[in-house]
Amino acid sequence: MTLKECYDALGGDYEEAIGRLRSERLVQKFVLKFLNDGSYDLLNSSFEKEDWGEAFRAAHTIKGVCQNLSFLALGDSSSELCEALRGGHTPEADSLVKRTREDYQRTIQAIRTFQEENGA
C-alpha cells in the first residue's frame, strides 16, 4: 500500500496533505505519529464519565490534527461532534460520537495496514 492508497482508504486528501507539508516523507512521519495520539482515548473516557468539557477538547484536538493531515472523513465527523459538544452535551452528540468512532477505526486500520506493508 502506498501512502496515497492509505489516504484513499481512510477518506483523506493526499494531494492536499502533500501541498501543506511539502514532502511525502513529512506526511508519512505525521500520519504514523497519529497512531500514538491520545485524543481518541480521551474522547472515549470523557464520554464514559460524561465530562463534556473534556470530550469537547478531545474532539477539537482530533478535528485539528485531521485538518492538518487532510483526513477528511474523520475531520468532518469530529468537527460536527466538536460543534455538538461546544456548549455541553446535546442529543446529536451521541450519534456523532458513533460516526466519529467508525471514521477513527477506518483511519487507524488504513494507517496500520500502510505501516505493516511498508515496515514503517
Q.
I need the Asp103 CG to Leu10 CG distance, nearest 0.5 Å.
A. 10.0 Å
**Q.** Single-linkage hydrophobic cluster Ile108~Leu42, side-chain heavy atoms < 4.5 angstrom
**A.** no
(Q) Show the nearest heavy-atom pair for residues Ala73 and Arg106, with the distance to one decimal. (A) CB-NH2, 2.9 Å
Q. Can you hop from Phe34 to Leu21 via hydrophobic side chains spaced under 4.5 Å?
A. yes
Q.
Restricting to non-hydrogen atoms, name the atom on Ala93 and the atom on Leu81 that form the minimum distance, rounded to 0.1 Å.
A. O-CD1, 3.6 Å
Q. Taking atom types as modelled and ignoring hydrogens, do the side chains of Glu83 and Ser79 form a donor-acceptor contact shorter than 3.5 angstrom?
A. no
Q: Starting at CG of Asp76, measure out to CD of Gln67 and round the result to the nearest 0.5 Å.
A: 9.0 Å
Q. For the atom pair CD (Gln28) and CD (Gln115), what is the distance rounded to the nearest 0.5 Å?
A. 9.5 Å
Q) Among all residues two or more places apart in sequence or in another chain, which pass the salt bridge (Lys or Arg N to Asp or Glu O under 4.0 Å) test with Glu16? A) Arg20
Q. Does a side-chain heavy-atom distance below 4.5 Å link Val27 with Ile18?
A. yes
Q: Starting at CG of Asn68, measure out to CZ of Phe30 and round the result to the nearest 0.5 Å.
A: 9.0 Å
Q: Kindly indicate, with the supporting measurements, whether the criterion side-chain contact (heavy atoms from CB on, under 4.5 Å) is fulfilled by Val31 and Tyr7.
A: CA-CA 10 Å; Val31 165; Tyr7 264 80; 3.6 Å; yes
Q) Does the side-chain contact (heavy atoms from CB on, under 4.5 Å) test come out yes or no for Arg101 and Gln105, once each step is laid out? A) CA-CA 6 Å; Arg101 286 173 176 152; Gln105 291 306 318; 5.5 Å; no
Q) Are the side chain of Thr100 and the backbone N or O of Ser77 linked by a donor-acceptor pair below 3.5 Å? A) yes
Q) How would you list, by chain and number, every residue that makes a ring-ring contact (aromatic ring centres under 6.0 Å, His included) with Phe56, sequence neighbours excluded? A) His60
Q) Is there a path from Tyr40 to Leu72 through hydrophobic residues (I, L, V, M, F, W, Y) whose side chains come within less than 4.5 Å of each other? A) no
(Q) Nearest 0.5 angstrom please: Cys6 SG to Phe71 CZ, how far? (A) 6.5 Å
Q: Quick one: closest heavy-atom pair of Ala17 and Ser70, and the distance?
A: N-OG, 3.5 Å
**Q.** Rounded distance (nearest 0.5 Å) linking atom CE of Met1 with atom CD1 of Ile111
**A.** 10.5 Å
(Q) Under the rule for side-chain hydrogen bond (donor to acceptor under 3.5 Å, both in side chains), what residues qualify as partners of Asp51, not counting sequence neighbours? (A) none
Q.
For Lys98, give me all partners under salt bridge (Lys or Arg N to Asp or Glu O under 4.0 Å), at least two apart in sequence or on another chain.
A. Glu102
**Q.** Distance-only donor-acceptor check, side chains Glu24 and Tyr14, under 3.5 Å
**A.** yes
Q. Residues in salt bridge (Lys or Arg N to Asp or Glu O under 4.0 Å) with Asp8, at least two apart?
A. Lys4
(Q) Does any part of the side chain of Phe114, heavy atoms only, come nearer than 4.5 Å to the side chain of Leu32, both counted from C-beta? (A) yes
Q. Which atom names give the shortest non-hydrogen contact between Asp37 and Ser39, and what distance separates them?
A. OD2-OG, 2.7 Å
Q: Starting from the C-alpha separation in whole Å, work towards a yes-or-no answer on side-chain contact (heavy atoms from CB on, under 4.5 Å) for Leu74 and Lys63.
A: CA-CA 8 Å; Leu74 180 56; Lys63 175 185 87 166; over 6 Å; no
Q) salt bridge (Lys or Arg N to Asp or Glu O under 4.0 Å) with Arg57: which residues, sequence neighbours excluded? A) Glu54
